[in-house]
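Accompanying notes for the structure given below.
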Amino acid sequence: MALLHCLAKNAAALIAALAMLGSQAHVPSQAAPPSVRFSQSTTRVDAYDFVEISMDLEAPLARNPFMDAEVRGDFRVRGAAGSVPVQGFCDSKDGRRYAIRFMPRTPGDYSYVVSFRQGGDVQTHTGTFHASDGHRRGMVQVDPAYPWHFVWTGTGEHYFLNGTTAFLIMGWEDDRVITEALDRFARLKVNRVRILLNGRTDHWWTEPVQPGKGFTPCVNPWPAQRPKDPDNAGFDYTHFDVPFWNRFERMLRYARDRNIIISVIMDWNDSKEHPAAGGEDEQRYYRYAVARLGAFSNITWDLGDDLDSFRDEAWTHATGVRLTKWDIYHHLATSHPANSNEHQDRTSAWFGMASFQEWHRPLHPWMLEQRRTQAATGRIIPQVNEEYGYEDHYPDWNPVPAPGCSADSNRREAWEISMAGTYQTTGETAKRGTGVAPDTGGGWINGRADTTMLLLAMQSHMVDFFTSFEWWKTEPHDELVDRGALCLAELGTTYALYLPHGGQVTVKLEPGHYKATWYHARSGERLPIGEAAGPVWTSPKAPDLDDWAVLILKQQ
């Protein structure tokens, strides 16, 4: 009897130990049938990072693993009344691996139930993990207190959007080219990059680009019969090219670690092949993108570049609503038309920011008008001019006469946009060539650059200026200044002035004592001016006729 009691006691201990191990990372669930092995990436995670639960199949049965199997999960934080439903995805060509991801946005103890369905068989797995406050910046969202602007949800810091475009960066076969570009963007204070998830082209808008030598102009989320044919790839829209998605995720993770937001562009006018508008294939693509990428904190959604060239406004609204419904995290979403007066679904809840393409100069009054148009709807959201000219880019259709798209001209326009209380995304020159001597560039086309490119370096000084004060509290007040100057102000506290051609400026101030400082917009040099006082103050003359800013702060 003593021996039996001892054996029973040891068996119970063994069962308890196995049950405990089953909840740890990368250990198969003992509750699952032998044909499916569930594993969990980690038991501890920072808020705004994600946990991944994977399912490995010994013998997949689905003829099409992207359509004939389903992964769903419900995640709950201790103390919450309800759970969060999450959709998973197939993560292998042959259906041997599936996964589901969840990004906790608050610290706490979480539990989940994941179900895998294939045919009539349903298998479930449960687990737990702990989310801690790792002080990650999290997602970028509209600031509820100052809705013309953005905040990082993880820390509450305000986000000064300083973007660039690198449409075909995923066309590089070597990940090192991509990571080097992202490192450079981070050094130059670029914190958002527009990148195609899907797109192809066969023309270069007068730029010296020759595919080959490690670069292709074809970014393909689906398997293709002719993957490097930009016009007739022969896509299988019922499957996904998993290695491409893996590469895109590596790029996202690298960017996230550098606090760079990626604007995920879902489609492109230059592509000749698209899934049928609103059809099953297109919806499957959007759902798959949400399931795979949604748990990354550092994304925003763009329904398509030059969207009005291949989709109508009814489609834009319907797709935006569906996307927001599927994306449980509600990342910012927008659409980007070629005609800026179309596809601006300004009053809809899914539409998180306006994204324009306006090249005509000057841009300051035009962006002020966009603010007025948005305000008239009764719904305030940020306004962003995402394309207003690329450095040294002069195609025949460009409405901006030379040298209107020089690095310096675009830099000045960026200041004018920012002085309207709005934001911008710029683009570097592609003149240094891709596959064409000296073959050291690519700029706005594919993100690669060399030291001859000037635009982003000069615009980094603009970022330094605006982030040196509480810019989100200011409003456009050009009526307070004279001589063509521009003004943003929090009345009685902060006055930021921009003088496009130097000289001097007179500004109306609320009563009080202020400190004034010159700021050279081109170089970032700061020069003290001294005290300023209301109700009217006239600056000394700027050091030269270049563009200068003046920052006037009230003294306590």
Side-chain angles (χ1 to χ4, degrees), residues 140-152 155-162 189 191 353-354 363-365 367-372 374-376 378-385 414-424 461-500 504-521 524 526-539 542 547-556:
V140 166
Q141 296 284 4
V142 175
D143 180 358
Y146 300 93
W148 292 116
H149 303 284
F150 305 97
V151 292
W152 293 98
T155 61
E157 298 170 275
H158 283 80
Y159 172 80
F160 184 85
L161 190 158
N162 182 47
K189 299 167 187 172
N191 57 14
M353 53 177 267
L363 286 168
H364 180 75
M367 294 304 292
L368 288 175
E369 181 59 31
Q370 302 318 302
R371 280 180 55 118
R372 286 190 287 268
Q374 188 68 53
R379 180 175 184 261
I380 305 302
I381 55 174
Q383 309 290 291
V384 188
N385 194 341
W415 274 86
E416 291 207 4
I417 292 169
S418 299
M419 289 299 299
T422 57
Y423 295 95
Q424 56 78 40
H461 303 309
M462 181 185 71
V463 177
D464 288 340
F465 176 76
F466 281 93
T467 56
S468 70
F469 63 93
E470 295 178 327
W471 81 90
W472 63 90
K473 294 183 178 180
T474 63
E475 295 282 340
H477 280 289
D478 294 344
E479 76 282 358
L480 298 179
V481 292
D482 64 358
R483 308 179 199 191
L486 311 178
C487 175
L488 283 172
E490 181 188 8
L491 299 180
T493 300
T494 303
Y495 298 82
L497 317 180
Y498 178 65
L499 288 65
Q504 60 185 160
V505 61
T506 298
V507 56
K508 299 175 183 176
L509 302 173
E510 293 292 308
H513 295 278
Y514 301 84
K515 180 181 178 181
T517 305
W518 283 116
Y519 188 89
H520 191 201
R526 294 176 187 265
L527 298 172
I529 296 176
E531 289 192 5
V536 176
W537 175 77
T538 299
S539 74
D547 56 329
W548 288 80
V550 179
L551 182 59
I552 303 172
L553 300 175
K554 188 172 184 179
Q555 300 301 290
Q556 300 299 324

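- The backbone N or O of R379 lies less than 3.5 Å from a partner atom in the side chain of Q374, making a donor-acceptor pair.
- Counting all heavy atoms, side chain and backbone alike, G484 lies closest to P500 at O-CD, 3.7 Å.
- The backbone N or O of C487 sits less than 3.5 Å from a side-chain atom of D478, completing a donor-acceptor pair.
- Side-chain atoms of V151 and Y159, non-hydrogen and from C-beta on, never get closer than 4.5 Å to each other.
- By the 4.5 Å heavy-atom criterion applied to side chains, L509 and P535 are not counted as neighbours.
- For E369, the CD atom is densely surrounded, since the number of other residues' heavy atoms within 6.0 Å is greater than 12.
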What verdict does the side-chain contact (heavy atoms from CB on, under 4.5 Å) test give for T506 and W537, after you've listed the backbone C-alpha separation in whole Å, the side-chain angles of each residue and the deciding distance to 0.1 Å? CA-CA 6 Å; T506 298; W537 175 77; over 6 Å; no
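- For the pair N191 (side chain) and N162 (backbone), a donor-acceptor distance under 3.5 Å is present.
- Among all heavy-atom pairs drawn from Y498 and M419, the shortest one is CB-CG, 3.8 Å.
- Not counting sequence neighbours, the partners of K189 by the salt bridge (Lys or Arg N to Asp or Glu O under 4.0 Å) test are D464.
- Taken to the nearest 0.5 Å, the CH2 atom of W148 stands 8.0 Å off from the CD1 atom of I381.
- The two residues I552 and A532 have their closest heavy-atom pair at CG2-CB, 4.5 Å.
- A distance-only check finds a donor-acceptor pair linking the side chain of T467 to the backbone of V463 [under 3.5 Å].
- The aromatic rings of W415 and F466 sit tilted, their planes meeting at an angle between 30° and 60°.
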Which is it for H364 and L486 under the side-chain contact (heavy atoms from CB on, under 4.5 Å) test, yes or no, and what are the steps along the way? CA-CA 9 Å; H364 180 75; L486 311 178; 3.6 Å; yes
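- By the 4.5 Å heavy-atom criterion applied to side chains, M353 and V142 are not counted as neighbours.
- Smallest separation of non-hydrogen atoms from I380 and P147: O-CB, 3.6 Å.
- A distance of 12.5 Å separates NZ in K508 from NE2 in H477, rounded to the nearest 0.5 Å.
- The backbone N or O of H461 lies less than 3.5 Å from a partner atom in the side chain of Y519, making a donor-acceptor pair.
- Using the six-membered ring where Trp is involved, F465 and F469 have ring planes that are perpendicular, over 60° apart on the 30 and 60° scheme.
- Side-chain contact between T494 and K473: absent, with no pair of heavy atoms (C-beta onward) separated by less than 4.5 Å.
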Determine, stepwise, if the pair W152 / V140 fulfils side-chain contact (heavy atoms from CB on, under 4.5 Å). CA-CA 5 Å; W152 293 98; V140 166; 3.8 Å; yes
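- Note: T474 OG1 to H149 NE2 = 6.0 Å, rounded to the nearest 0.5 Å.
- Here the OG1 atom belonging to T517 is positioned 11.5 Å from the CH2 atom belonging to W548, to the nearest 0.5 angstrom.
- Looking only at side-chain heavy atoms (C-beta outward), L480 and L491 come within less than 4.5 Å of each other.
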Any chance you could lay out the side-chain contact (heavy atoms from CB on, under 4.5 Å) test for M367 and N385, step after step, and finish with the verdict? CA-CA 8 Å; M367 294 304 292; N385 194 341; 3.9 Å; yes
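- Here the shortest heavy-atom pairing between P365 and R372 reads O-NH2, 4.2 Å.
- The aromatic rings of F160 and Y423 sit perpendicular, their planes meeting at an angle over 60°, well past the 30° parallel limit.
- Distance check, rounded to the nearest 0.5 Å: CD of Q555 to OH of Y514 gives 10.5 Å.
- Residues V505 and D482 are in side-chain contact: their nearest non-hydrogen atoms beyond the backbone lie under 4.5 Å apart.
- A salt bridge links E475 with R371; the closest basic N to acidic carboxylate O contact falls under 4.0 Å.
- S468 is listed as a side-chain neighbour of L551, based on a closest heavy-atom distance under 4.5 Å.
- With rounding to the nearest 0.5 Å, the separation of OG1 in T493 from NZ in K554 is 6.5 Å.
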